Amino acid sequence: MKLRSLLILFLLNVCCNILAYPISPRPLRKLVTDSKNIVYAEVIDIRKNKKAKENDWFKSEIAVLKVHDVLQGKISSTQIIEVYTSTGISCPAPAYFEKGTMTLAFIEKDKNDGRYQTPDLSYGSKLLSEDEYAVYKKRILEMQDILKIKDPEEQHVKRLTGW
């Protein structure tokens, strides 16, 4: 009887872990290659999304960003953009924005209403100081140069040997 109970508990634990829904890590290379827009912006406001539907967990709030620098995409510097977010607790976690901070955001335009969203959820935004941003910017620009290389083998070697 004890053995059966232990076996059931073990199987339940294994099944729960197998069926968990984690968000896979997104290295910087994947963020750069998969993002339509990359901006460094100031979070000037976060407000409730009054038009959010009940099951739009990642669209319950809107972060208002003033763009300072554009590393990728057709957004202009000094443009004000709105990005969907949520402060609710969920798994996977949504992008995090904090009013009054500077953020590096990997975003794409929502097809329905023209606002933006971070398809990589919590990996799609990074709160960074100016110094931290300078390091990220350098790496992103280097990755963009590597991605322009036509030869896949040469591109692979550049990624592995340092930029």
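Note that these values count all heavy atoms, side chains included, but never hydrogens, waters or copies made by symmetry. Please read these numbers as outputs of a predicted model, since none were measured by experiment.
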Worksheet item: Would you say the side chain of Thr78 lies within less than 4.5 Å of the side chain of Val67, judging by non-hydrogen atoms?
Response: no

Response to the item:
What one should report as the nearest heavy-atom pair of Ile44 and Lys99 is O-CE, 3.3 Å

Worksheet item: For the atom pair CG (Leu71) and CE (Met143), what is the distance rounded to the nearest 0.5 Å?
Response: 13.5 Å

Practice prompt. Return the set of residues passing salt bridge (charged side-chain N to carboxylate O under 4.0 Å, His left out) with Asp113 (not counting sequence neighbours), or none when no residue passes.
Written response: Arg115

Practice prompt. Would you list the pairs meeting salt bridge (Lys or Arg N to Asp or Glu O under 4.0 Å) in which at least one residue belongs to residues 63-74, sequence neighbours left out?
Written response: Asp69-Lys137

Worksheet item: Could you give the distance from CD1 (Ile81) to CD1 (Ile107), rounded to the nearest 0.5 Å?
Response: 3.5 Å

Worksheet entry | Counterpart residues, salt bridge (charged side-chain N to carboxylate O under 4.0 Å, His left out), relative to Asp34 (two or more places apart) | Arg26, Lys30

Item to complete: Begin with the C-alpha distance, continue with both residues' side-chain angles, and end with the deciding distance and a verdict on side-chain contact (heavy atoms from CB on, under 4.5 Å) for Leu31 and Asp120.
Response: CA-CA 8 Å; Leu31 288 168; Asp120 295 308; 3.2 Å; yes

Fill in: Under 3.5 Å donor-acceptor, Glu61 side chain and Asn49 backbone
no

Response to the item:
Residues at least two apart in sequence or cross-chain that pass side chain to side chain contact (heavy atoms under 4.5 Å, CB included) with Ser129, listed by chain then number, are Asp131, Glu132

Practice prompt. Any chance you could measure Ile140, atom CD1, to Arg29, atom CZ, to the nearest 0.5 Å?
Written response: 14.0 Å

Practice prompt. Calculate, to the nearest 0.5 Å, the distance between atoms OG1 and NE2 belonging to Thr103 and His68 respectively.
Written response: 11.5 Å

Item to complete: Can you measure from CD1 (Ile146) to CD (Glu154) and round to the nearest 0.5 angstrom?
Response: 10.0 Å

Discussion item. Quick check: is Val43 connected to Val83 through a chain of hydrophobic side chains (ILVMFWY, heavy atoms under 4.5 Å apart)?
Written reply: yes

Worksheet item: Tell me, which pairs form a ring-ring contact (aromatic ring centres under 6.0 Å, His included) where one or both residues lie in residues 132-154, sequence neighbours left out?
Response: Tyr40-Tyr133

Worksheet entry | CA sep, side-chain torsions, deciding dist, call: Thr118, Ser125, side chain to side chain donor-acceptor pair (under 3.5 Å) | CA-CA 7 Å; Thr118 55; Ser125 68; over 6 Å; no

Response to the item:
Tightest non-hydrogen contact, residues Leu28 and Phe106, listed as CD1-CZ, 3.9 Å

Discussion item. For Tyr116, run the side chain to side chain contact (heavy atoms under 4.5 Å, CB included) check against Ile75, Asp110, Val39 and tell me which one passes.
Written reply: Ile75

Discussion item. Any side-chain to backbone donor/acceptor pair from Gln144 onto Thr33? Under 3.5 Å, distance only.
Written reply: no

Practice prompt. Rounded to the nearest 0.5 Å, what's the gap from CD1 on Ile62 to OH on Tyr84? Could you check?
Written response: 5.5 Å

Item to complete: Write down the atom of Ala41, the atom of Leu65, and the distance for their closest heavy-atom approach.
Response: CB-CB, 3.8 Å

Practice prompt. For Lys109 and Gly114, work out which heavy atoms get closest and say how close.
Written response: CE-O, 3.3 Å

Discussion item. For Ala95, is there any backbone N or O sitting under 3.5 Å from a side-chain donor or acceptor partner on Thr85?
Written reply: yes

Discussion item. Keeping Gln72 on the side-chain end and Ser35 on the backbone end, is there a donor-acceptor pair under 3.5 Å?
Written reply: yes

Worksheet item: Is it true that Ile46 and Met102 fall in one hydrophobic cluster, defined by side-chain heavy atoms closer than 4.5 Å?
Response: no

Worksheet item: Should Val64 and Ile80 be marked as a side-chain contact (heavy atoms from CB on, under 4.5 Å) after you check the CA-CA gap, both sets of side-chain angles, and the distance that decides it?
Response: CA-CA 7 Å; Val64 181; Ile80 304 290; 3.6 Å; yes

Practice prompt. Report the residue from Thr101, Val135, Leu104 that forms a side chain to side chain contact (heavy atoms under 4.5 Å, CB included) with Leu128.
Written response: Leu104

Practice prompt. May I ask you to list the residues sharing a hydrophobic cluster with Ile149, side-chain cutoff 4.5 Å, ordered by chain and number?
Written response: none

